[in-house]
S.K.: 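Pasting a structure here, questions to come.
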Amino acid sequence: QVQLVESGGGLVQPGGSLRLSCAGSGRSFSGVFMAWFRQAPGKEREFVSVISWSGGTIWYANSVKGRFTISRDNAKDTVYLQMNDLKPEDTAIYYCAARSGGGMGSLRVRTSTSSYEYWGQGTQVTVSS
């Protein structure tokens with residue numbers, strides 16, 4: 001059974017930083033794209049970032065570009081999201097997701113929730129003073 005388990009969320013002041021982790025288990029994640037999405041209250045789940053198996057291909061949503069950094073440790077089947085200069089509008093539940101298929105060159109594919117086969121349970125990030 002495939003599991004993705006997020007951790008690292010919490011309450012932080014505007015301008016602060018957090019590092020989220022997502023540990024995978026239950027299958028090999030070789031060749032799998034790993035992504036972060038987020039969902040704010042009353043809004044749809046939205047794409048944040050995605051990273052290829054090698055780490056050589058990364059995409060970010062425009063809203064987080066320059067502030068967030070995605071990375072992965074394949075030896076640990078873990079993906080990270082370093083979030084700096086956090087803003088109140090970053091407040092959301094952050095979800096880890098995995099996709100084993102291709103087509104990630106398509107904006108529609110990589111930003112669509114339906115493209116990802118596996119999901120974590122989410123971790124809450126609250127940015128507030």
S.K.: Indicate yes or no: at least one non-hydrogen side-chain atom of L20 is less than 4.5 angstrom from one of S7.
M.R.: no
S.K.: More than 12 non-hydrogen atoms from neighbouring residues, nucleotides or ligands closer than 6.0 Å to CD on E89, yes or no?
M.R.: yes
S.K.: Sequence neighbours left out, what passes side chain to side chain donor-acceptor pair (under 3.5 Å) with Y116? Give chain and number order.
M.R.: none
S.K.: With a 4.0 Å cut-off, would you call R72 and D77 a salt bridge?
M.R.: no
S.K.: Looking only at non-hydrogen atoms, find the nearest pair between L4 and Y118 and report the distance.
M.R.: CD1-O, 3.6 Å
S.K.: For a quick check under 3.5 Å, do S112 and S114 share a side-chain donor-acceptor pair by atom type?
M.R.: yes
S.K.: Find out whether R67 and D90 are in side-chain contact, i.e. whether some heavy atom of one side chain is under 4.5 Å from a heavy atom of the other.
M.R.: yes
S.K.: Of all the heavy-atom pairs spanning A98 and F29, show the shortest one and how long it is.
M.R.: CB-CE2, 4.3 Å
S.K.: Hey, is the main chain of V109 close enough, under 3.5 Å, to the side chain of S115 for a donor-acceptor pair?
M.R.: yes
S.K.: Please answer whether the main-chain N or O of T57 pairs with a side-chain N or O of S52 as donor and acceptor at a distance below 3.5 Å.
M.R.: yes
S.K.: Give a yes/no verdict on a cation-pi contact between R45 and Y95, requiring under 6.0 Å between NZ or CZ and the six-membered ring centre and an angle within 45° of the axis.
M.R.: yes
S.K.: Ignoring hydrogens and angles, state whether a donor on the side chain of T78 or D73 is under 3.5 Å from an acceptor on the partner side chain.
M.R.: no
S.K.: Compare every heavy atom of S63 with every heavy atom of R38, then report the nearest pair and how far apart it is.
M.R.: NH2-OG, 3.5 Å
S.K.: Quick one: does any side-chain atom of R27 pair with a main-chain N or O of V2 as donor and acceptor, under 3.5 Å?
M.R.: no
S.K.: Test your reading of the model: is there a side-chain donor-acceptor pair from E6 to the backbone of Q121, 3.5 Å cut-off?
M.R.: yes
S.K.: Looking at S129 and P14, what are the two nearest heavy atoms and their distance?
M.R.: N-CD, 3.7 Å
S.K.: Taking atom types as modelled, is there a side-chain donor on E117 or S100 under 3.5 Å from an acceptor on the other?
M.R.: yes
S.K.: What residue among F68, F37, Y60 forms side-chain contact (heavy atoms from CB on, under 4.5 Å) with S49?
M.R.: Y60
S.K.: Is the closest side-chain heavy-atom distance between V125 and T91 below 4.5 Å?
M.R.: no
S.K.: Please find the pair of heavy atoms, one from V64 and one from V48, that lie closest to each other, and give the distance.
M.R.: CG2-O, 3.7 Å
